[in-house]
Number of protein chains: 2
Amino acid sequence: MEHYKVGEIAEKIGINVETLRYYEKIKIMPKPKRRESRYRFYDELDLRRLLFIKRAKELGFTLKEIKELLNLKIESTATCGDIKHLAEHKLTDIEERIKDLKNIKNVLIKLINQCVCEEVSTEDCPILEVIEQKIK
Amino acid sequence: MEHYKVGEIAEKIGINVETLRYYEKIKIMPKPKRRESRYRFYDELDLRRLLFIKRAKELGFTLKEIKELLNLKIESTATCGDIKHLAEHKLTDIEERIKDLKNIKNVLIKLINQCVCEEVSTEDCPILEVIEQKIK
DNA sequence: ATAATATCAGTAGTATAGTACGGAGTCAAG
DNA sequence: CTTGACTCCGTACTATACTACTGATATTAT
């Protein structure tokens, strides 16, 4: 079985050595085995776990949620449905964020379109006016 | 002219007193006038500034960006175009975030649809399999 | 007048996800 | 056998946006 030093596995995954130590600290990665020199050494399982973390992060899961996923994975009582619930929850969450951002986007577009004035002073800027409008 | 104590203005805006002191610390709000008792007191201008901040935050601007907006606003040399550029930059930023989230959403939907198994153990969970798939 | 509430200043803590630093020990190449 | 690269650990710092706490004044209500 292949094994890697901390710098090697970090490079393979494309993360920082410090980040790996951080993952160990927050217990999303288990304490790795050590050589006599006290150097950490990692195996294929660690590699897979790190890649799982990376992929799940790309899916918008937080480290805390990824930890949950990984824990469910090793709990023998956990079902695939448990995982599905986490995924569904995350989906709702992301849909919510998309909705919010779209609203923001529309307001910004309206604001920007009202502005045709490179030379006008900020005194008469329609963007600022609109941001303030809701205030008056 | 109306004036408010820190707790009054905080309640009016719907923020925390501590948050107001924080805004003062990071210089997004100016140092307010004081009574003899050293109590802060705020006026209508402060109220408007706070509401501007609140509204801009809703538009997805960070406090740092809002500070920029407010600074441009008082710089007499700044043009409406300067404001527009900030708004456009924010728009690009938000469109980017929407795109990313949509990708994530699609992957999550695919994952969830593959899972029809409330009772299956996490060993055979297709969601976990897919997250891992890109690894193998 | 006294009790309750508000405010003061400064510091520390929260959450998220890391990054940086420094001095000591270890490993590999020339 | 020395030099440079790598790793060790612990701590502190970054960024963002707040929130909490403490002990001392100040104001307000009864």
Side-chain angles (χ1 to χ4, degrees), chain A residues 3-29 31-43 46 49-50 52-70 90 93-94 97 100-101 104, chain B residues 3-43 46 49-70 90 93-94 97 100-101 104:
Chain A
H3 49 79
Y4 316 91
K5 284 194 284 184
V6 70
E8 285 163 358
I9 201 165
E11 200 192 356
K12 222 168 158 74
I13 303 288
I15 58 169
N16 207 309
V17 169
E18 311 289 343
T19 304
L20 235 126
R21 295 216 303 128
Y22 170 68
Y23 284 176
E24 195 178 322
K25 193 178 137 208
I26 64 167
K27 295 187 172 62
I28 194 170
M29 284 299 290
K31 286 185 183 174
K33 289 168 200 135
R34 301 294 183 116
R35 304 195 185 195
E36 308 80 61
S37 58
R38 301 189 49 65
Y39 279 21
R40 288 163 177 81
F41 78 98
Y42 296 95
D43 57 26
D46 294 310
R49 192 177 174 103
L50 277 172
F52 181 93
I53 292 168
K54 199 183 173 190
R55 176 91 187 113
K57 247 160 57 80
E58 283 163 18
L59 285 175
F61 288 94
T62 64
L63 290 181
K64 195 176 160 191
E65 288 164 341
I66 296 168
K67 209 160 138 184
E68 268 186 84
L69 278 172
L70 287 162
K90 179 50 60 178
D93 184 61
I94 281 170
R97 272 153 70 189
D100 288 347
L101 286 176
I104 290 168
Chain B
H3 49 79
Y4 316 91
K5 283 195 285 184
V6 69
E8 286 163 0
I9 201 165
E11 200 193 355
K12 224 171 157 70
I13 302 288
I15 58 169
N16 205 309
V17 168
E18 310 290 342
T19 304
L20 235 125
R21 296 215 304 128
Y22 170 69
Y23 283 176
E24 195 178 324
K25 193 178 136 210
I26 65 167
K27 296 188 172 60
I28 195 170
M29 283 300 289
K31 286 186 183 174
K33 289 168 200 132
R34 300 294 183 116
R35 305 192 184 193
E36 309 81 59
S37 58
R38 299 189 52 62
Y39 278 22
R40 288 163 178 82
F41 79 97
Y42 296 94
D43 57 25
D46 294 310
R49 192 177 173 103
L50 277 172
L51 282 164
F52 181 94
I53 291 168
K54 199 183 174 191
R55 177 89 188 114
K57 247 158 58 81
E58 283 164 18
L59 285 175
F61 289 94
T62 64
L63 290 180
K64 196 177 159 190
E65 287 163 343
I66 296 167
K67 207 161 140 184
E68 268 186 85
L69 278 172
L70 287 163
K90 180 50 59 179
D93 185 59
I94 280 169
R97 273 153 69 189
D100 288 347
L101 287 176
I104 289 168

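Numbered from 1 within each chain, the chains take letters A, B, ... in sequence-line order. Because the structure is predicted, anything quoted here is derived from the model rather than measured.
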Side chain proximity check, B/Ile13 to B/Tyr4, heavy atoms < 4.5 angstrom
no

D/dT7 P sits how many Å from A/Tyr42 OH, rounded?
10 Å

Can you tell me if the side-chain N/O atoms of B/Arg38 get under 4.0 Å from OP1 or OP2 in D/dA26?
no

Are the side chains of B/Lys57 and B/Ile53 in contact, using a 4.5 Å heavy-atom criterion?
yes

Pull out every residue in residues 10-24 of chain B that has a heavy atom closer than 4.0 Å to any atom of DNA chain D, ordered by number, or say none.
B/Asn16, B/Glu18, B/Thr19, B/Tyr22, B/Tyr23

In this structure, how many angstroms lie between the P atom of C/dC27 and the CD atom of A/Glu8, rounded?
13 Å

Just wondering, do B/Arg97 and A/Arg97 contact through their side chains at under 4.5 Å, heavy atoms?
no

Can you check whether B/Asn16 reaches B/Tyr22 side chain to side chain, under 4.5 Å on heavy atoms?
no

Test side-chain contact (heavy atoms from CB on, under 4.5 Å) on A/Arg34 and A/Arg40 and set out the steps.
CA-CA 5 Å; A/Arg34 301 294 183 116; A/Arg40 288 163 177 81; 3.6 Å; yes

Given atom NZ of A/Lys25 and atom P of D/dC9, what is their separation to the nearest angstrom?
13 Å

When you measure from the side chain of A/Arg40, which nucleotide among C/dA9, C/dA17, D/dC8 comes out closest?
D/dC8

Charged N to carboxylate O below 4.0 Å: is that the case for A/Glu58 and A/Arg55?
yes

Is the shortest side-chain heavy-atom distance between B/Asp43 and B/Asp46 below 4.5 Å?
yes

Specify the separation, in whole Å, of atom CD of B/Glu68 and atom P of D/dT16.
11 Å

Within the 4.0 Å heavy-atom criterion, would you say A/Lys57 contacts the bases, only the backbone, or no part of the nucleic acid?
sugar-phosphate

Contacts under 3.5 Å, N or O only, protein and nucleotides 27-30 of chain D:
residue, atom, partner, partner atom, Å
D/dT27, OP1, B/Ser37, OG, 3.3

Taking CD from A/Glu65 and C1' from C/dA17, how many angstroms apart are they, rounded to a whole number?
14 Å

Length of the NZ-P vector between A/Lys67 and C/dT16, whole Å
10 Å

Do the non-hydrogen side-chain atoms of B/Leu50 and B/Tyr42 ever get within less than 4.5 Å of each other?
no

I'd like to know if B/Lys90 and B/Asp93 make a salt bridge, using a cut-off of under 4.0 Å between side-chain N and carboxylate O.
yes

Taking NZ from B/Lys54 and C1' from D/dA17, how many angstroms apart are they, rounded to a whole number?
16 Å

